[in-house]
Amino acid sequence: MTAPDEATDQRFPKSDRILKRELFRRVYDTGKKIQARFFTAFILPNSQQQSRIGITATRKTGNSVERNRLRRRVRELYRRNKWRVPPGIDIVINVKDGLARAGYDEIEKDFAKMLERSR
RNA sequence: GGAGUGGGUUGGGCGGUCGCUGGCUGAUGGGCAGGUUUCGGACACCGUAAUCCGAGAUUCGCCGGCAGCGAGAGGAAAGUCCGAACACCACAGGGCGGCGGACUGGCUAACGGCCAGACGGGGCGACCCGAUGACAAGUGCAACAGAGAAUAGACCAGCCGAUGGCGCUCGAAUGCUGGCCGCGGUAACGCAGUCUCGUGUUCCGGCGCACAGGUGAUGGGUGAAACGGUGGGGCCCGCUAGGGCUUAAUGUAAGAGCCCACCAGCACGGGUGGCGACAUUCCGUGGCUAGGCAAACUCUCCGUGGUGCAAGACCAAAUAGGGAGGCGUCAAGGGUUGCCCGCCCGAUGCUUCACCGCUGGAAAGACAGGUUGCCGGUUUUCGUUGAAUCGGUGGCCGCUCCCGGUGGUGACUGCGCCUCCGGGUAGGUCGCUCGAGCGUGAGGAGCAAUCCUCCGCCUAGAUGAAUGACCGCCACCGGCUCUUUAAGAUCUUGCGCGGCUCGCCGCGCUGGGUUUUGCCGAGUGGUACAGAAUUCGGCUUAUCGACCCACUCCAGAA
RNA sequence: GCCCGCGUAGCUUAAUUGGAAGAGCACAUCCGCGGUGAGGAUGUUAUGCGCGAGUUCGAUUCUCGCCGCGGGCU
């Protein structure tokens with residue numbers, strides 16, 4: 001595992017995201033399900049060069065302010081850890097309740113562990 | 001100083017790093033089914049305005065990536081409770097129905113909103129609250145309590161004693177019995193008279209009882225609610241009935257809204273004030289009637305088509321299906337479909353559920369059950385067996401529909417491939433943000449809401465949905481911990497003074513402990529409610545706090 | 001974005017022209033038994049009808065505003 005490089009690409013354009021219901025369905029139905037401490041991940045290899053991510057927070061997680069905050073934290077997490085993610089996979093993350101109270105370092109460790117288990 | 005009332009403002013700040021969304025500008029030439037333009041071609045030939053096909057150029061667009069610039073959540077963005085704009089659909093006109101609104105005047109595009117007022121209620125007050133038309137059109141409702149509850153009502157106590165009843169009694173009439181006596185008759189008996197006699201009936205009068213009855217402006221008590229209060233009712237003539245006088249004076253057994261006057265309240269009419277709701281310490285008339293509830297039905301007046309930007313407009317893939325053309329292929333069958341439903345199969349359905357097994361399939365259509373074994377209950381019997389019946393559970397038989405396979409029969413029709421066309425789905429573009437806009441700018445009208453004129457400003461447009469993450473410094477708040485210092489309260493060691501009931505009390509100084517308040521510094525924690533989704537105007541609800549203005553009550557000082 | 005329905009005892013639910021709430025299960029106590037289950041009897045368990053206002057003499061019921069839960073359309 002290489003060390004975090006400041007020059008690494010940390011951008012997050014729309015092509016890095018899953019935006020269509022059809023794509024979400026495909027990942028849910030045929031992807032591999034991984035339970036982590038703060039979220040549930042679904043992973044499916046795609047035919048593209050880059051990887052893509054989709055984030056979901058259900059009504060049960062809280063009101064809209066709460067849901068938006070969780071979505072932003074997960075997005076930030078992905079943006080800073082893109083160098084860890086192997087190219088050519090689609091990830092969908094469903095947020096769990098504990099995420100709102102967890103510190104950023106904990107979540108980052110959890111995300112890395114999830115990637116380890118996925119291969 | 002304390003307690004409150006009403007209104008307004010604000011919704012942490014600065015900096016750094018890495019990001020997101022859309023806009024503008026620039027450069028780049030990566031992509032393009034677009035536009036423009038050049039050349040060539042099309043139908044037998046020529047020409048070409050248009051059309052189609054192919055090749056190239058341009059950088060006019062679009063997409064992707066790059067750089068720079070400036071922008072990016074709220075007072076409630078929320079709830080979706082009202083009102084509109086806008087869009088589509090429907091629609092001759094009128095009525096009924098349904099739904100909604102309901103004091104007055106104003107504001108507004110409109111409103112169930114706002115402002116000013118009226119009336120009612122609450123608060124000592126500043127102020128607050130009110131769906132606030134009509135129970136004098138009809139229908140209905142009022143538990144429990146209470147005598148009585150909506151054309152009211154006699155339970156207890158009080159009062160009355162007309163009328164009926166009961167008791168006593170004066171008198172009269174009369175029946176019977178008795179006494180006395182007369183006449184007729186032998187007698188039985190008949191007829192008649194009389195009575196301080198007894199007894200009964202009827203009538204008249206008197207007295208009493210209060211059983212029925214009367215009395216509600218005699219009191220009690222019940223309830224949310226029980227129909228106002230005070231005073232007066234004379235004089236004269238007449239036997240009575242009645243008549244006369246005074247503004248009016250009646251009547252009864254007793255009485256009574258039976259009559260009159262006044263007070264209060266109500267209603268109506270007029271005057272006055274107000275645009276009006278309404279007010280009125282003004283005037284007149286009526287004379288106790290007309291209790292409450294319409295967020296009960298209802299009536300009156302007014303308003304009202306429906307759906308919502310996921311509205312709607314445009315572009316438009318794949319697949320299936322529709323239409324047109326071309327090519328290929330067949331004259332025997334094929335395709336679609338109806339009927340018989342014949343045969344195969346056959347249920348978990350007919351008959352509660354689950355599981356297993358078996359079985360061509362499935363559980364939407366349709367249909368009907370029968371028989372038998374076992375268990376339990378009931379009836380019959382004194383009891384058992386038996387019988388009948390009901391329920392549960394299993395077996396066997398039977399029945400039913402659809403799909404499938406196969407057979408018969410009828411109707412209609414060609415089939416396969418290619419190209420094009422139209423509708424239309426996914427998807428995309430528009431709608432989409434400059435508007436009933438904002439301003440703690442100025443002036444004017446108005447008590448105000450608000451309006452007018454001028455000036456200035458441009459302030460999110462996302463769509464699995466941007467406006468963020470992390471760090472540093474500061475600000476504010478609350479509690480805790482440590483620390484510097486000051487003041488107060490309290491406990492206590494020691495010393496001094498004073499008192500005296502002689503071992504306690506009071507005062508002062510000094511030291512220590514506990515605690516409260518303020519201040520300096522440090523650490524720690526917290527900084528609400530909450531996220532645009534077509535756009536506005538309101539309402540309602542959530543909200544850690546901070547600041548400002550006006551006013552009220554209480555206490556104190558001058 | 002829009003539109004419906006429902007909140008009653010610990011649980012599942014009734015009741016209404018407005019007059020103060022029943023039932024089943026559960027729970028507790030008792031009877032019975034050597035013990036347990038089944039059965040029988042008694043008790044609503046300090047409930048006030050999701051919350052707050054209003055109308056009314058009186059509200060679970062009528063009206064308004066909130067809160068929570070469930071469902072539907074596109």
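Computed from a predicted structure; not experimentally measured. Values below: every heavy atom of this structure, side chains too, minus hydrogens, waters and symmetry copies. Lettering follows sequence order; numbering is per chain, from 1.
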- prompt: Is A:Lys82 near enough to B:C18 that one of its side-chain N or O atoms lies under 4.0 angstrom from OP1 or OP2?
  reply: no

message: With a 4.0 Å limit, can you tell me whether A:Lys14 has a side-chain N or O closer than that to the phosphate oxygens OP1/OP2 of B:G22?
response: yes

- line: Interatomic distance, CD@A:Glu108 vs CG@A:Asn81, rounded to 0.5 Å, equals 4.5 Å

query: Whole Å only: how far is the CD1 atom of A:Ile53 from the P atom of B:C20?
result: 15 Å

- request: For A:Arg79 and A:Glu76, run salt bridge (charged side-chain N to carboxylate O under 4.0 Å, His left out): C-alpha distance rounded to whole Å, both residues' side-chain angles, the deciding distance at 0.1 Å, then the answer.
  value: CA-CA 5 Å; A:Arg79 190 173 68 78; A:Glu76 197 69 11; 2.4 Å; yes

field: Inter-nucleotide C1' distance (B:A118, B:G456), Å rounded
entry: 45 Å

task: Scan residues 35-78 of chain A for pairs that pass ring-ring contact (aromatic ring centres under 6.0 Å, His included), counting only residues two or more places apart or in two chains.
output: A:Phe12-A:Tyr78, A:Tyr28-A:Phe42

query: To the nearest 0.5 Å, what is the distance between CG (A:Leu44) and CD1 (A:Ile89)?
result: 9.5 Å

- request: Could you tell me whether a side-chain N or O of A:Arg117 sits under 3.5 Å from a main-chain N or O of A:Gln35, the two making a donor and an acceptor?
  value: yes

task: For B:U534 and B:C107, measure between their C1' atoms and round to the nearest Å.
output: 28 Å

Nucleotide B:A67, atom C1' - distance to CZ of A:Arg11 in whole Å: 13 Å

- request: Pick base, sugar-phosphate or nothing for A:Ser64, based on heavy-atom distances below 4.0 Å to the nucleic acid.
  value: sugar-phosphate

- prompt: Is A:Phe12 touching bases, backbone alone, or none of the nucleic acid, heavy atoms closer than 4.0 Å?
  reply: sugar-phosphate

statement: B:U240 -> Watson-Crick or G-U wobble partner, both distances under 3.5 Å, gives none

Between the protein and nucleotides 465-471 of chain B, list every N/O to N/O distance that falls short of 3.5 Å.
unit_1 : atom_1 : unit_2  : atom_2 : d
B:U467 : OP1    : A:Arg75 : NH2    : 2.8
B:U467 : OP2    : A:Arg72 : NE     : 2.7
B:U467 : OP2    : A:Arg72 : NH2    : 3.0
B:G468 : N2     : A:Glu76 : OE2    : 3.3

message: Would you compute the distance between atom CZ of A:Arg67 and atom OG1 of A:Thr56 and round it to the nearest 0.5 angstrom?
response: 11.5 Å

message: Expected output check: what is the dot-bracket annotation of RNA chain C, where ( ) and [ ] are pairs inside the strand (brackets for crossing ones), | is paired with another strand, and pairs are Watson-Crick or G-U under 3.5 Å?
response: (((((((..((((.....[..)))).(((((.......)))))......(((((..]....)))))))))))).

